[in-house]
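Before any comments, here is the structure.
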There are 2 protein chains.
Amino acid sequence: MTTLEDVAKHAGVSLATASRVLNGSSRHVGADLRRRVESAAARLGYRVDATAQTLARGASNVVGLVIQDLIDPYFAVIADGAIRAADRHGMVTTLGTTYRDPEREIALVATLHAQRARVVLLAGSRVADEAVLRRQRAELDVYRSAGGRVAVIGQDVLGTDTVAPRNREGAYDLAVALAGLGHRRFAVLAGPPVLLTAIDRTQGFVEALADLGLPPPLLVHGDFDRDGGRDAACRLIAMDHDVTCVFAVNDLMATGALAGLREHGVRVPRDLSLAGFDGTSSIRDPVPSLATVRLPLARMGAMALDLALSGEGVPRHERVTGEVVLRDSVRPLARTPSVPSAPPVPPASSVPSAPAAVPANRSAASPGARPPHS
Amino acid sequence: MTTLEDVAKHAGVSLATASRVLNGSSRHVGADLRRRVESAAARLGYRVDATAQTLARGASNVVGLVIQDLIDPYFAVIADGAIRAADRHGMVTTLGTTYRDPEREIALVATLHAQRARVVLLAGSRVADEAVLRRQRAELDVYRSAGGRVAVIGQDVLGTDTVAPRNREGAYDLAVALAGLGHRRFAVLAGPPVLLTAIDRTQGFVEALADLGLPPPLLVHGDFDRDGGRDAACRLIAMDHDVTCVFAVNDLMATGALAGLREHGVRVPRDLSLAGFDGTSSIRDPVPSLATVRLPLARMGAMALDLALSGEGVPRHERVTGEVVLRDSVRPLARTPSVPSAPPVPPASSVPSAPAAVPANRSAASPGARPPHS
DNA sequence: CTGTTAGCGCGTTCAA
DNA sequence: TTGAACGCGCTAACAG
């Protein structure tokens, strides 16, 4: 293992000079010595010891990135964006995976703290559990009081820099767009009841329907992943309802729902329209292609890093907007199902006769419709 | 930033004692002092400094993982497997991405060397370019001569520990299975001509056809990713051929090919059967679901780490076997297309009249057929 | 412009 | 069992 001292000796210079040549000191070094040091370093195969640099400088070049699941394209794309950004800053990324366990997330922050990561990025939905949040804040406080910077991609509930997707507004817009296609009875595959992302998206959707004068959607909870979507879809099918359009609160669930529906012979979009949320490119290829709300995921990863690195005193927030993307999985519905030909879904309805038609529908569903929250 | 010395002071013990309590020294410490140290550490929010430990011990706890593209499920799953394995060993993983640029791979090895990673894992196909291989070996030699351990997931051309998928044999088996369905004229979307993985899979497929007495496949090269598959498929369509079955050398290309074929109105599997390679779960959801050769990707990541960590002197190799999975994207073909009804693909044929029927077909294609290489 | 030297936080002899 | 002291590889004053 070649050290800087070896290089200095072979070049016939002092340690300090070798250091100045090989590591970005702004100090100038004579061309001759510089050449000698460089050639010695190359000849000996010298590689700086970043851990020693970290110790000496009191600051590392590692970004700690905590995600929930690397297999989920949502996190893979965010991670890709963050890693590219770190690379641009000349930093390396240490990646940890929680597998959706908040306790593991806390442990990972401690690990990254031990690693002396300069910044920690936490990607993924926060939970609506004050006890968990308290423990997370405590670990983050320890890290920050030691000089660490933190940014969260998700909800601003930990008092950190935050990149927050407009989940509520995106779901609202989506509902408006779907209602604009003539749908009036919806189901929401709503994810776990404690996941803030799932909650926000569900609420935004519900609010939009209320604002449009439409009946509230059927809520079916389930895990936030592919199998959760599949299960929820199966349970939906087993229910007695007159739903024509289903909103799965993330793309993974939508993908699973599509599979589940197909297994039961329910055709999308002919029997049921279906939409997801996130805009991962993985849902471009299922047939039918899935409607969704597209988030700028890679950019979110990069933004989080930039936020954390440029951070001063007060935590700052960046909100990012999702774009409604309608695709083959949703189809327009005739406004009034008065014609008995080809009723979209099972016959009976659990809701009496739906309230009178909503004339404001189409105008409210126009592209100009505003989301509820600033 | 709390240091071990702070803890020692607050506990009224020496630095050495605090070290022994908080970090896995085998030395025994009196129960009383131990308690005092632990409580002081908790009270002060002490977190070990892993960089200082690395320096003092001369060995780090970081695994360097180099992959080509995090968005590609192939690498995401391998990375997931490796990260889990690292976690089991109490190590953290630093992830680098080459974006399929061999030069970046070399640079990343240098970076991870600087980080004093204890092992470096290189995932992804090696290239058939001796100049590149030489530079890669040189960088790895520098790293290894400094005590680093290396394992490659791919081909054994760098003289390292290697986890090598049986690409050739898997493609051979796949060809046999597809021929068993009655297909006789194949195309291979063969990927880049310098990528060993693409080469091996193509060759295995070609060999099988030769062994079965079938004509060689039409080869269409292209990038090793989704768009490469799409482009290749489009070019295939533009050609004059009588192909009934297409083998894309990885799942990403197969997914792209499916999209490309659909755009041009070619229906899979009715007009053309299609198969990929890798067995990423992402191809479960396209419609039709894609046939493939399934590799134990997560396990491969873990194996590579175990190999590197347990490594002694000579490099060792582990070969892993792929399993042919036939799905909806392939369909059986009538043995002799004598009936003029519904010819699968465009009319004319570039091959004269195909040689007389191959009677050995079905038996050669039976499950018992052996792959060519041990 | 170049060299000397004092730490950075911790593990680990070596003595007590 | 406990403590004192040296060194891991490097940076950053400081001195020349």
Side-chain angles (χ1 to χ4, degrees), chain A residues 1-38 40-41 44-62 90 113-118 143 146-148, chain B residues 1-38 40-41 44-62 113-118 142-143 146-148:
Chain A
M1 183 169 47
T2 313
T3 73
L4 192 57
E5 191 176 349
D6 299 334
V7 176
K9 247 170 218 152
H10 278 250
V13 302
S14 76
L15 225 178
T17 299
S19 171
R20 293 196 265 256
V21 171
L22 295 175
N23 313 316
S25 170
S26 54
R27 306 289 287 272
H28 278 224
V29 171
D32 177 44
L33 289 192
R34 169 176 297 278
R35 239 191 322 276
R36 292 202 345 239
V37 169
E38 279 167 347
L44 297 175
Y46 170 74
R47 298 288 178 273
V48 222
D49 185 331
T51 67
Q53 280 186 319
T54 296
L55 197 55
R57 295 212 254 245
S60 83
N61 69 332
V62 354
H113 181 164
Q115 229 64 30
R116 291 302 182 264
R118 183 139 61 141
Y143 174 60
Chain B
M1 185 169 44
T2 313
T3 73
L4 192 56
E5 191 176 350
D6 298 334
V7 175
K9 248 170 215 151
H10 277 250
V13 302
S14 76
L15 224 173
T17 299
S19 171
R20 294 196 265 257
V21 170
L22 294 175
N23 312 316
S25 171
S26 53
R27 307 287 287 272
H28 278 223
V29 171
D32 177 43
L33 289 192
R34 169 175 298 277
R35 240 191 322 277
R36 279 176 28 211
V37 170
E38 279 165 348
L44 297 175
Y46 170 75
R47 299 287 178 273
V48 220
D49 184 331
T51 69
Q53 282 187 318
T54 297
L55 197 56
R57 295 212 255 244
S60 83
N61 69 332
V62 353
H113 181 164
Q115 228 64 31
R116 291 301 181 266
R118 182 137 65 139
V142 171
Y143 173 61

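Both backbone and side-chain heavy atoms feed into the values below; hydrogens, waters and symmetry mates do not. No experiment lies behind these values; they were computed from the predicted model shown. Proteins get letters first, then strands, A, B, ... in listed order; numbering begins at 1 in each.
Judged by distance alone, with hydrogens and angles left aside, the side-chain atoms of B:Arg118 form a donor-acceptor pair with the main-chain N or O of B:Ser60 at under 3.5 Å. Here the side chain of B:Thr51 pairs no donor or acceptor atom with the backbone of A:Thr54 at under 3.5 angstrom. Using a distance-only test at 3.5 Å, with no hydrogens or angles considered, a donor-acceptor pair links the side chain of A:Arg116 to the main chain of B:Val48. In this structure, B:Arg47 contributes its side chain and A:Ala114 its backbone to no donor-acceptor pair below 3.5 Å.
What separates CZ of A:Arg57 from C1' of C:dG9 is a distance of 17 Å, to the nearest Å. Rounding to whole angstrom units, CG of residue A:Leu44 and P of D:dG9 are separated by 14 Å. With rounding to whole Å, A:Asp32 atom CG is found 14 Å from C:dC1 atom P. As rounded to whole Å, 13 Å separates atom C1' of C:dA6 from atom CG of A:Leu15. Residue A:Asp49 contributes atom CG, which lies 13 Å from atom C1' of C:dC8 at whole-angstrom precision. Across the protein-nucleic acid pair, B:Arg116 atom CZ and C:dG11 atom P stand 19 Å apart, rounded to whole Å. As rounded to whole Å, 17 Å separates atom P of C:dA6 from atom CG of A:Leu55. Atom-to-atom, CZ of A:Arg20 to P of D:dT11 comes out at 11 Å; the value is rounded to the nearest Å.
Listed candidates were D:dT11, C:dG11, C:dC1. Nearest to the side chain of B:Leu4 is C:dG11.
An OP1 or OP2 oxygen of C:dG9 is reached within less than 4.0 angstrom by no side-chain nitrogen or oxygen of B:Thr3. In this model, the phosphate group of C:dG11 is approached by a side-chain N or O of B:Asn23 to a distance below 4.0 Å at OP1 or OP2. One finds no side-chain N or O of A:Gln53 lying less than 4.0 angstrom from the OP1 or OP2 phosphate oxygen of D:dC10. One finds a side-chain N or O of A:Thr17 lying less than 4.0 angstrom from the OP1 or OP2 phosphate oxygen of C:dG3. Residue A:Ser19 has no polar side-chain atom (N or O) positioned under 4.0 Å from OP1 or OP2 of D:dC10.
Between A:Leu15 and A:Leu4, the closest side-chain pair of non-hydrogen atoms falls below 4.5 Å.
Among the protein residues, A:Gly58 comes within range of no part of the nucleic acid, since none of its heavy atoms lies under 4.0 Å from any strand.
Sequence order on DNA chain D of the closest nucleotides to B:Ala56 and B:Ala31 puts B:Ala31 first from the 5' end. Residue order along DNA chain D, read from the 5' end via each residue's closest nucleotide, puts B:Ser14 first among B:Ser14 and B:Ala52.
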